[in-house]
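Following: one structure in structure tokens, then a few remarks.
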Amino acid sequence: MSEQLPRKKRILSGIQPTGTFTLGNYVGAVRNWGALQTEEHECLYMIADLHALTVRQEPAKLRRNTREAAAMLLAAGIDPARSLLFVQSHVPAHTQLSWALSCCTQFGELSRMTQYKDKSAKHPDNVNAGLFTYPVLMAADILIYNADLVPVGIDQKQHLELARNIAQRFNGLYSPTFTMPEPYILKAGAKIMSLQEPDKKMSKSDTNANSFVLMTDDADTILRKFKRAVTDSDGVVRASEDKPGVTNLMTIYSVFTGKDFEAIEKEFDGQGYGAFKEAVAQSVIDGLAPIQGEYKRILEDKDYVDGVLKQGAEQASRLADRMVAKVYKKIGLLQL
Ligand code: ATP
Ligand code: LTN
């Protein structure tokens with residue numbers, strides 16, 4: 001008898017093209033996307049342009065950001081030979097499924113989402129319906145491919161729990177249809193904090209440019225931003241809850257050098273923050289340099305980037321269309 005090969009685990013994740021990616025996006029999400037491209041996984045990575053519309057976008061800028069996001073993902077190690085890379089709006093089945101799922105999602109559930117609360121507080125003049133239903137579209141992105149694992153930063157955990165609740169509800173109401181997705185959140189770097197307000201997440205939409213490091217920042221800018229990073233007054237390099245600024249810098253240094261906290265504490269024992277900040281900056285400069293080189297090269301080849309996205313969308317659409325047809329049939333929509 002022939003032995004059956006275990007099914008490959010399916011990985012799905014997305015990132016919004018709301019601007020140049022930050023170090024937080026890379027450490028919390030994108031770096032793991034690349035690492036998951038192994039024989040045991042089937043990877044789908046998506047640029048969530050529809051999600052980006054929940055805050056006001058300038059059309060030409062959104063178009064440019066979307067292509068730049070694709071180039072950055074390719075530069076950061078997403079390999080089109082091993083992963084599907086596509087733009088969310090190029091696969092219309094996501095929005096088709098989203099409508100069906102929104103009818104299985106309660107108003108109260110969506111009201112509890114912290115990202116919705118944060119973003120509506122931040123943009124009080126534009127609390128649009130899309131901002132509110134955003135997590136349903138995200139659930140559709142995931143469930144449409146029967147994804148097993150979703151690599152994200154910790155801020156997305158609540159949205160993933162909602163996706164699981166929607167899947168379970170749908171499966172119970174009709175019949176087993178969706179796989180239960182699991183979040184894939186690495187402990188180290190799941191939440192990189194703002195360099196200026198270390199109790200807040202580093203975010204690409206922060207108005208203070210000193211609060212984040214962009215993937216495209218040059219060496220001088222990176223050094224300057226780390227030198228200005230907010231720490232504390234006790235001058236000891238030690239990880240602790242009451243030292244969020246220093247702990248954040250240690251996390252970044254640890255990710256880029258592979259050293260653990262104990263080794264880092266020893267390395268900077270008695271040295272103060274000056275030398276420490278310079279070393280953190282240098283590790284980031286060295287870590288980003290090859291990605292930045294690739295990014296420049298890839299971005300110049302627009303045809304290559306567009307070709308990858310086109311192929312990704314075609315292949316993703318084949319999978320997604322099949323799932324939508326299945327779901328529409330199950331819920332009683334007439335098929336001719
Ligand atoms: P925006 O500022 O526009 O809200 P963002 O910088 O929060 O955007 P997203 O596109 O919402 O970025 O997130 C993309 C991925 O990056 C998600 O998996 C998210 O969890 C992760 N991520 C974002 N910021 C951080 C951070 N500071 N630390 C770790 N992971 C992060
Ligand atoms: N909401 C995510 C982006 C996103 C996503 C997804 C992540 C959209 N669809 C599906 C994982 C799976 C965010 O980062 N803000």
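Numbering of ligands and ligand atoms starts at 1, following listing order. Treat the numbers as computed from the prediction; the structure is a model and nothing was measured.
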Anything under 3.5 Å between an N or O on ligand 2 and a protein N or O? List each pair with its distance, or write none.
residue, atom, partner, partner atom, Å
ligand 2, 1 (N), Tyr134, OH, 2.6
ligand 2, 1 (N), Gln156, OE1, 3.2
ligand 2, 9 (N), Asp141, OD2, 2.7
ligand 2, 15 (N), Gln16, NE2, 3.2
ligand 2, 15 (N), Tyr134, OH, 2.6
ligand 2, 15 (N), Gln156, NE2, 3.1

- Task: Just say parallel, tilted or perpendicular for the rings of His94 and Phe86, cut-offs at 30° and 60°.
- Result: perpendicular

(Q) Please check this pair: side chain of Gln88 against backbone of Leu50, looking for a donor-acceptor N/O pair closer than 3.5 Å. (A) yes

Looking at Arg169 and Glu109, is any side-chain nitrogen of the basic one under 4.0 Å from a carboxylate oxygen of the acidic one?
yes

Output yes when a side-chain donor or acceptor of Asn210 lies under 3.5 Å from a complementary backbone atom of Lys225, and no otherwise.
-> no

**Asked** Do the side chain of Tyr328 and the main chain of Leu333 share a donor and acceptor less than 3.5 angstrom apart?
**Response** no

Under 3.5 Å, is there a donor-acceptor pair between the side chain of Lys277 and the main chain of Lys227?
yes

_Same cluster (ILVMFWY, side-chain, under 4.5 Å), Trp33 and Ile192_ = yes

Using the rule given for side-chain hydrogen bond (donor to acceptor under 3.5 Å, both in side chains), can you reason through Tyr253 versus Asn248, listing the C-alpha separation, both sets of side-chain angles and the distance that settles it, and then say yes or no?
CA-CA 9 Å; Tyr253 190 58; Asn248 190 40; over 6 Å; no

Protein neighbours of ligand 1 with a heavy atom under 4.0 Å, given by chain and number, are Ile15, Gln16, Thr18, Gly24, Asn25, Gly28, Ala29, Lys119, Val152, Gly153, Asp155, Gln156, Gly189, Ala190, Lys191, Ile192, Lys201, Met202, Ser203, Lys204, Ser205

Exercise. State plainly whether the residues Lys191 and Asp155 are in salt-bridge range, i.e. N to O under 4.0 Å.
Key: no

